[in-house]
Amino acid sequence: MAARGFLQIAPGRRVALNGVEWTIEEVHGQLGRLVLADDGGRTETRSFRWLINHADLRLLPTVEASGRPLPVSRQPRTLADLTKDQLDRARLRAAHVLEAETGFREGHSARALPGEPRPAYDPDRTTLTQRRYAKAAEMEAMPHPEAVRLGLQYLSYRTLVRLSGLAGDSLLLACADGRWTRRRSGHRSITEEVREAIFAVKAECSERARVSLAARHRLMHQYMSERFPTFPTEKIPSRWTFAAVWEEWFGPGGARPRYERTAEAAAEAGVSGRMVVHRPGQVLVLDSTPMPVKLRETVFGDAVTATLTLALDLYTHGLPAFRLTLQSDTSVDVAMLLRDVMLPLPMRDGWGEDMEWPYAGVPADVIAEFTGHRVAALPFFAPETVTTDHGGPYKNHDLVEAEREIGCRILPARVLRQTDKFAVERQFLTVQTMLFEHLLGFTGGDVADRGADPERDASLTLAQAEHIIATWIVQIWQNRKLGEYAPSWAPGEEHSPNTLFAAAMEQGGFDLDFPEPSFYYKVLRKHHVKIHPRRGVKILGLWYHHPVLDEPRFLQPSARGGKHAGQWVVRSDRRDRRQVFFQNDADHETWHILRWRGLPAEGEIPAFSDKTAGALLAHVKANNIRIHSESELLEHLLGILGSVTPVDQWPSQAKKKAGKKRRVAQAREITRAQAAAADRPAAPAAADEPTPAEMPVAWAEHARTIDRAVDADRRRRREEALAGTRPVAPPTLHEALRRRPMFLLPPRDASEADRFAGEEEA
């Protein structure tokens with residue numbers, strides 16, 4: 001150890017040079033050299049003479065000298081650390097200092113206030129020293145409560161001299177009371193033993209049920225008494241100090257223990273990192289929620305609740321697609337939603353030129369040439385990553401396979417962690433406040449906030465609601481200025497979802513990659529079956545057939561290998577079980593529609609879904625009904641549909657006989673069939689393939705269709721029963737009276753009948 005003047009130089013000594021703290025690592029006394037190291041690991045070799053004679057050398061206390069830990073370093077204070085009242089008081093003090101220095105409270109004659117300069121502070125008649133003494137005398141003569149309030153009771157001549165070299169923000173900070181921004185001293189009662197006890201309690205409580213703060217404080221006492229029996233009990237922090245330290249170290253603790261354990265497990269697995277999104281389509285967030293507006297279904301006119309499914313692009317916060325379904329959505333609806341994200345939106349009736357495709361770089365004529373129609377100003381792209389929750393439709397293996405068909409990655413949110421898809425959760429509230437609240441039939445966000453009778457106020461149909469939402473998205477939301485979601489690379493600029501998409505097009509270009517028409521069939525549910533001669537294929541209990549299946553090559557096992565070797569692939573749409581789809585193995589482009597064998601040849605019956613088909617088969621099995629042909633199932637299906645009520649009785653009786661739950665189920669069947677028909681490719685059908693008829697949209701037409709189907713089925717079975725017999729002409733009334741008297745009683749036994757016959761012959 002070496003000594004130089006007032007400074008004792010030894011390893012471990014800490015000094016401050018030009019505001020930077022250094023630690024003396026090594027001392028070479030014979031060479032007169034020492035090694036300095038800062039907190040960042042940078043080292044410098046200096047001489048003793050250089051260190052002792054440094055103009056800005058400042059000694060730092062050590063732990064042994066002060067008896068307590070070094071104070072925690074902090075960032076320099078700024079004017080933002082002051083409250084509005086504190087800033088106003090600092091400005092008043094600075095105004096007095098500037099008046100003593102320049103004669104003007106604003107610091108310059110060009111900004112002189114009325115009545116300035118005052119005679120005692122006129123720079124043309126007084127010196128700087130005179131003005132400073134005058135200001136000190138003025139402060140001394142000021143009433144003491146006022147001077148204390150302004151903090152000017154200690155503004156002396158020496159204080160004015162010390163503040164003379166400051167200006168601007170530095171002067172304001174110097175005039176601010178240092179006690180306003182005092183360095184936090186921490187909690188001196190938190191020793192190493194107490195710190196260990198607090199972290200031990202934290203680890204224990206993370207596995208237990210939620211306990212109160214008082215219980216955690218008692219656990220800390222227990223830990224201290226068992227692990228550190230010699231520690232003084234009076235030095236253990238109080239409950240209030242413990243609460244303050246707990247909130248500083250671990251936060252307010254408002255989350256549920258189950259969620260905290262999930263977050264900690266995700267952090268340990270390395271999946272809690274923040275992902276940076278920097279292009280459209282990189283992350284697409286999907287979610288569904290009941291629409292808070294009652295709608296009118298078009299079959300019975302009842303008020304129903306629809307489910308709104310949104311697709312949100314996380315980069316632009318645009319809404320490239322949405323879906324409205326009655327009551328609930330399915331995996332097929334979500335798969336079609338992903339297809340809508342990749343397809344350009346056609347212009348709707350009533351949309352003007354301001355809502356047409358506006359993006360530079362890809363003219364509207366080019367897009368219209370690809371699509372065959374005018375395109376609305378709504379971005380479309382192929383999603384790269386899809387984030388969903390763990391709802392039933394999103395976990396369905398059919399949807400997972402559809403996402404793989406698109407080529408996007410699946411990134412499910414963590415269980416019970418809605419913050420993983422906070423953007424789409426917030427978007428539902430935005431749509432509600434900006435649109436749904438202004439529609440008739442709005443139900444509010446809670447049952448207690450509901451109106452007197454929202455079902456009575458419902459006036460919009462599902463198609464009308466879809467049109468309103470699409471118009472709001474294209475015309476308002478896509479052009480609305482973003483607030484907290486504005487991009488970080490454009491500070492101060494105003495951006496909307498459309499402008500962000502246009503900027504991304506200029507940076508990375510745009511890929512016109514539309515899904516093929518066969519994409520609809522590829523995302524449907526697959527069934528691996530065998531083709532039976534003259535019967536077709538059996539899909540979930542129902543038989544389907546097409547003349548193409550009678551060809552010899554389809555009666556042989558399929559050439560497919562692997563897990564489903566020798567079986568053919570048939571796809572079905574769970575929304576409409578009247579037909580299934582079969583891909584031709586020759587060209588892989590032709591799709592044949594296999595109709596249910598129970599459908600009458602004269603016309604189409606209303607659509608029915610998986611649920612209705614399951615109820616039909618369960619009804620047949622429960623009642624031990626022997627079915628010899630698929631056509632015999634039609635009568636039972638019509639009975640399950642419950643739609644054989646005469647049309648004339650509908651206004652007064654039909655709605656009474658059919659409960660609301662049953663009516664809504666029938667409306668959902670028809671709506672799903674309409675959605676399936678709209679999603680199906682519009683390619684012309686072959687001449688040998690029957691084209692499904694248009695679905696009825698009113699109850700009267702719905703009932704007429706079923707009546708015609710029932711009559712046609714009975715007529716067909718009657719004709720089959722009478723085939724090969726000769727019709728007998730009925731006798732006239734005169735001939736019938738001549739053969740037998742009208743008022744003659746019938747014979748009682750065979751002997752009387754013989755006697756009666758003999759009398760007639762005589």
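By convention here, the first residue in the shown sequence is residue 1.
- In this structure, R195 forms a cation-pi arrangement with W249, its terminal cationic atom sitting closer than 6.0 Å to the ring centre and no more than 45° off the ring axis.
- Under a 3.5 Å cut-off, the side chain of T159 and the backbone N or O of L155 do not form any donor-acceptor pair.
- Atom CZ of R118 has more than 12 neighbouring heavy atoms from other residues, nucleotides or ligands inside a 6.0 Å radius.
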**Study point:** Residues F231, S225; criterion side chain to side chain contact (heavy atoms under 4.5 Å, CB included); working and verdict
**Key:** CA-CA 8 Å; F231 192 88; S225 61; over 6 Å; no

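- Side-chain contact between R111 and R105 is absent, with no heavy atoms from C-beta onward closer than 4.5 Å.
- Counted within 6.0 Å of CD on Q130, heavy atoms from surrounding residues, nucleotides or ligands total more than 12; the atom is thus considered enclosed.
- In this structure, the side chain of E146 does not engage the main chain of M142 through any donor-acceptor pair within 3.5 Å.
- The CG atom of D85 sits 9.5 Å away from atom CG of L87, with the distance rounded to the nearest 0.5 Å.
- Side-chain contact check for K481 and H495: no donor-acceptor pair (N or O, by modelled atom type) lies under 3.5 Å.
- Of all heavy-atom pairs spanning L312 and G318, the tightest one is CD1-O, 3.4 Å.
- For the atom pair OG1 of T233 and CZ of F228, the computed distance is 13.5 Å after rounding to the nearest 0.5 Å.
- Salt-bridge check for E403 with R409: failed, with every basic side-chain N at 4.0 Å or more from each acidic carboxylate O.
- With rounding to the nearest 0.5 angstrom, the CG atom of N498 is 8.5 Å from the OG1 atom of T316.
- Using modelled atom types, no side-chain atom of R132 and backbone atom of Y157 make a donor-acceptor pair closer than 3.5 Å.
- Side chains of V201 and C205 form a contact here, defined as non-hydrogen atoms less than 4.5 Å apart.
- The heavy-atom pair separating L51 from L57 by the smallest distance is O-CD2, 3.3 Å.
- Judged by distance alone, the side chain of E247 and the main-chain N or O of A244 form no donor-acceptor pair under 3.5 Å.
- Checked for salt-bridge contact, K135 and E138 meet the test: a charged N lies under 4.0 Å from a carboxylate O.
- The existence of a salt bridge linking R91 and D169 is excluded, since no basic side-chain nitrogen approaches an acidic carboxylate oxygen closer than 4.0 Å.
- Atom CD of residue Q427 and atom CG of residue L310 lie 6.5 Å apart, to the nearest 0.5 angstrom.
- In this structure, S189 and V194 have side chains that are not in contact, with every pair of non-hydrogen atoms separated by 4.5 Å or more.
- Expressed to the nearest 0.5 Å, how far CG of L286 lies from OG1 of T388 amounts to 6.5 Å.
- Looking at T385, its side chain does come within 3.5 Å of a backbone N or O of Q282 through a donor-acceptor pair.
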Check your understanding: Given Q478 and I473, is the side chain to side chain contact (heavy atoms under 4.5 Å, CB included) satisfied, shown in steps?
Key -> CA-CA 6 Å; Q478 291 295 130; I473 291 176; 4.2 Å; yes

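- Residues R216 and S212 bring no donor and acceptor atom of their side chains to less than 3.5 Å of each other.
- Taking the charged nitrogens against the carboxylate oxygens, R131 and E101 have no contact shorter than 4.0 Å, which rules out a salt bridge.
- For the ring pair (Phe, Tyr, Trp, His ring centres under 6.0 Å) criterion with H217, the lone passing option out of F242, Y223, W246 is F242.
- Heavy atoms only, all atoms of each residue included: D313 and V283 are closest at OD1-O, 3.5 Å.
- Of all heavy-atom pairs between P383 and C408, the closest is O-CB, 3.2 Å.
- The ring of F250 has its center closer than 6.0 angstrom to the ring center of F199.
- You'll find the side chain of L314 stays beyond 4.5 Å of the side chain of L284, heavy atoms only.
- When every heavy atom of P320 is checked against every heavy atom of P379, the shortest pair comes out as CB-O, 3.7 Å.
- Atom CG in L163 sits 6.5 Å away from atom CG in L171 (nearest 0.5 Å).
- When side chains are defined from C-beta on, Y121 does not count as touching T102, because their heavy atoms never get closer than 4.5 Å.
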Point to revise | C175 vs L172, side chain to side chain contact (heavy atoms under 4.5 Å, CB included): CA-CA, chis, key distance, verdict | key: CA-CA 5 Å; C175 293; L172 287 178; 5.7 Å; no

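- Of the possible donor and acceptor atoms, one in the side chain of R89 sits under 3.5 Å from a partner among the backbone N and O of R149.
- Counting heavy atoms from C-beta outward, P123 and F104 have side chains that approach closer than 4.5 Å.
- Side-chain contact check for R480 and S496: no donor-acceptor pair (N or O, by modelled atom type) lies under 3.5 Å.
- At a threshold of 4.5 Å between non-hydrogen side-chain atoms, the residues M434 and I476 count as touching.
- Two residues are said to be in side-chain contact when any heavy atoms from C-beta on lie closer than 4.5 Å; I410 and V386 fail this criterion.
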Practice item. Walk me through it: do I24 and L36 pass the test side chain to side chain contact (heavy atoms under 4.5 Å, CB included)? Key: CA-CA 5 Å; I24 301 177; L36 301 176; 3.7 Å; yes

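- Nearest approach of D287 to Y394, heavy atoms of both residues: C-OH, 3.3 Å.
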